Amino acid sequence: GLGISFALVIAFLFVMIGPPGRDSVHGMIGLGFVAVVIVFASVQSGFGMASYIGVKNNPLGNFINFLILGLGVDDAFVITAEFIRHKKENKGATIEELIGNTLATGG
């Protein structure tokens, strides 16, 4: 059920961000991995804080993981696309300028 859904979303992320025809530098597999790790760490931190203050967990809470994973994957696609666009448009820009422009338009 839910585990298969997680696996499919993660597989989709790795296939789309890091197409097999690209080299290891431009394939962005690392970006996909970091996006998934950040999403899961965020969810676990949120559940930990909620548990600490006494919020009870219910079955609906299991679907929050899937929802947040979907949002995190979507953000990874948007920010990656914007970074690539700004990199092509501003050939002489520094990495700081590229990141600033990327987050101003896509983040």
Side-chain angles (χ1 to χ4, degrees):
L2 200 56
I4 294 171
S5 300
F6 284 133
L8 288 174
V9 170
I10 292 169
F12 178 75
L13 171 70
F14 286 135
V15 168
M16 295 308 294
I17 281 190
R22 300 177 100 181
D23 60 15
S24 61
V25 173
H26 297 99
M28 298 188 200
I29 292 292
L31 174 70
F33 178 74
V34 169
V36 171
V37 168
I38 288 172
V39 167
F40 282 121
S42 300
V43 169
Q44 294 307 314
S45 297
F47 279 135
M49 284 190 278
S51 176
Y52 182 74
I53 62 173
V55 175
K56 299 291 183 198
N57 193 7
N58 61 28
L60 189 59
N62 295 334
F63 293 104
I64 291 174
N65 293 327
F66 188 67
L67 177 66
I68 299 299
L69 178 63
L71 292 172
V73 167
D74 180 58
D75 285 345
F77 286 136
V78 169
I79 292 173
T80 301
E82 284 296 306
F83 183 80
I84 291 169
R85 181 176 71 87
H86 284 293
K87 191 173 179 182
K88 287 180 182 176
E89 289 177 358
N90 307 314
K91 298 265 187 215
T94 64
I95 191 71
E96 291 85 4
E97 293 170 340
L98 288 174
I99 292 172
N101 292 337
T102 298
L103 295 178
T105 59

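What you are looking at is a predicted structure, and each value in this text was computed from that prediction instead of being measured.
Hydrophobic clustering (side-chain heavy atoms under 4.5 Å, transitive across Ile, Leu, Val, Met, Phe, Trp, Tyr) keeps Val34 apart from Leu103. No continuous path of hydrophobic side-chain contacts links Phe33 to Ile38 [ILVMFWY only; heavy atoms under 4.5 Å]. In the hydrophobic cluster analysis, where Ile, Leu, Val, Met, Phe, Trp and Tyr join through side-chain heavy atoms closer than 4.5 angstrom, Val55 is grouped apart from Ile64.
Within the hydrophobic cluster formed by Ile, Leu, Val, Met, Phe, Trp and Tyr side chains joined at under 4.5 Å, directly or through other members, Met49 stands alone, with no partner residue.
Using modelled atom types, one side-chain atom of Ser45 and one backbone atom of Ala41 make a donor-acceptor pair closer than 3.5 Å.
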Contacts table for residues 91-101: side-chain donor-acceptor under 3.5 angstrom, sequence neighbours left out:
{"unit_1": "Thr94", "atom_1": "OG1", "unit_2": "Glu96", "atom_2": "OE1", "d": "3.4"}
{"unit_1": "Thr94", "atom_1": "OG1", "unit_2": "Glu97", "atom_2": "N", "d": "3.2"}
{"unit_1": "Glu97", "atom_1": "OE1", "unit_2": "Thr94", "atom_2": "N", "d": "3.0"}
{"unit_1": "Asn101", "atom_1": "ND2", "unit_2": "Glu97", "atom_2": "O", "d": "3.3"}

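The nearest pair of heavy atoms linking Ile10 to Phe40 is CD1-CE1, 4.0 Å. Between Ile79 and Thr102, the shortest heavy-atom distance links the atoms O-CG2, 3.5 Å.
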